[in-house]
Amino acid sequence: MAPVAPRSGDAIFANVERVNAELFTLTYGAIVRQLLTDLEEVDEVNKQLDQMGYNIGIRLIDEFLAKSNVSRCVDFRETTDVIAKVGFKMFLGVTASVANWDADGTCCSIILEDNPLVDFVELPDNCQGLYYCNILSGVIRGALEMVSMKTEVTWIRDVLRGDDAFELQVKLLKQVPEEYPYKDDE
């Protein structure tokens, strides 16, 4: 039997069960609003959104690997490309691009032209330090950690802050060697 070819983000998105986009957007907005009410400090809300995203990312990677048929990526560059072109399309219905690589190949930007999380959103003046979509940085960080890549993910540009696109900087801190829970020779 021939090996299964990896599926594109469009093909996966077409077959994935979806939630109404407006319901998703408004529910996320309600979560952010409640965090602002409960935590009161914008920096604490940013940390909480990142942690929520991290918890989602460590679970989401399993679904991604199961449904996408993506083979093992050989390096960080290929991994970020798969996240941008397949992962974002599969889960958010948007395509992202990867740009701004450093000379070492350990730091790049993932740029989103469109972001369904920010439909109907305007940040009030007292929330200008809020990274409204910080959950996405946590998702990327959590998913990459599950495939043995310790990363730092930060926002560079944000449309809600007046920029022309959403840009996340992904920096590889270290490649964690895989550990197996048992030894073959025992």
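The structure displayed is predicted, hence computed values, not measured ones.
Under the 4.5 Å side-chain heavy-atom criterion for grouping Ile, Leu, Val, Met, Phe, Trp and Tyr, Tyr132 is not connected to Leu26 through any hydrophobic cluster. Cluster membership for Ile111 and Leu172, using ILVMFWY side-chain heavy atoms within less than 4.5 angstrom, is not shared. The hydrophobic cluster containing Ile31 also contains Leu136, counting ILVMFWY residues as joined when their side-chain heavy atoms lie under 4.5 angstrom apart, directly or transitively.
Counting heavy atoms from C-beta on, the side chains of Asp158 and Cys133 never come closer than 4.5 Å. Here the side chains of Ile56 and Arg59 are not in contact, with every heavy-atom distance at 4.5 Å or above. Residues Val139 and Met52 form no side-chain contact, since every pair of their non-hydrogen atoms from C-beta on lies 4.5 Å or further apart. In this structure, Ser137 and Asp50 have side chains that are in contact, with non-hydrogen atoms separated by less than 4.5 Å. Within the 4.5 Å cutoff, no side-chain heavy atoms of Val94 are placed close to those of Glu113. Using a 4.5 Å heavy-atom cutoff, the side chains of Ile83 and Val98 are not in contact. Annotation: side chain of Leu144 is in contact with side chain of Thr79 (closest heavy-atom distance under 4.5 Å). Between Met90 and Phe64 the shortest side-chain heavy-atom distance falls below 4.5 Å.
Rounding to the nearest 0.5 Å places CG of Leu173 at 9.0 Å from OG1 of Thr106. Here the CD atom belonging to Glu63 is positioned 10.0 Å from the OG atom belonging to Ser68, to the nearest 0.5 angstrom. Atom CG in Leu36 sits 5.5 Å away from atom CG in Leu130 (nearest 0.5 Å). Put simply, CG on Leu35 and CD on Glu41 are 13.5 Å apart, with the number rounded to the nearest 0.5 Å. Interatomic distance, CG of Leu60 versus CG of Asn55, reported as 12.0 Å (0.5 Å rounding). In this structure, CD1 in Ile110 is found 14.5 Å from CZ in Phe166, a value given to the nearest 0.5 Å.
Checking side-chain atoms of Asn115 against main-chain N and O of Leu117 turns up a donor-acceptor pair under 3.5 Å. Formation of a donor-acceptor pair under 3.5 Å by the Asp102 side chain with backbone atoms of Cys107 is found in this model. A side-chain donor-acceptor contact under 3.5 Å links Asn46 to the backbone of Tyr131. Under the 3.5 Å distance criterion, the side-chain polar atoms of Arg157 are left unmatched by any main-chain donor or acceptor of Asp164. Side-chain atoms of Asp163 never come within 3.5 Å of backbone atoms of Ala165 as a donor-acceptor pair (strictly under, hydrogens ignored).
Legend: residues meeting salt bridge (charged side-chain N to carboxylate O under 4.0 Å, His left out) with Glu44, ordered by chain and number and at least two apart, are Lys47.
Contact check on Arg77 versus Asp81 returns no salt bridge, with no Lys/Arg side-chain nitrogen under 4.0 Å from an Asp/Glu carboxylate oxygen. Using a cut-off of 4.0 Å between Lys/Arg side-chain N and Asp/Glu carboxylate O, Arg141 and Glu152 are scored as not salt-bridged.
Across all their heavy atoms, Cys108 and Thr80 have their closest contact at SG-CG2, 3.9 Å. Heavy-atom minimum distance, Leu123 versus Gln128: O-NE2, 3.4 Å. What you find for Gly142 and Tyr54 is that their closest heavy atoms are CA-CD1, 3.4 Å.
By the 6.0 Å contact criterion, CZ on Arg161 is enclosed, its count of non-hydrogen atoms from other residues, nucleotides or ligands being greater than 12.
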Side chain to side chain contact (heavy atoms under 4.5 Å, CB included) for Val118 and Val159? Distances and angles first, verdict last. CA-CA 9 Å; Val118 299; Val159 171; 5.8 Å; no
Quick one, Gln169 with Ser109, criterion side-chain hydrogen bond (donor to acceptor under 3.5 Å, both in side chains). Give me CA distance, side-chain angles, the key distance, then yes/no. CA-CA 4 Å; Gln169 183 181 63; Ser109 294; 5.4 Å; no
Does Phe88 form a side chain to side chain contact (heavy atoms under 4.5 Å, CB included) with Ile140? I'd like the steps, not just the answer. CA-CA 10 Å; Phe88 274 101; Ile140 293 169; 3.9 Å; yes
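Side chains of Asp119 and Thr25: no donor on one and acceptor on the other come within 3.5 Å. Neither side chain, Gln48 nor Asn134, offers a donor N or O lying under 3.5 Å from an acceptor on the other.
Residue pairs satisfying the ring pair (Phe, Tyr, Trp, His ring centres under 6.0 Å) criterion with at least one member in residues 96-126, sequence neighbours excluded, are listed as follows: Phe76-Trp101.
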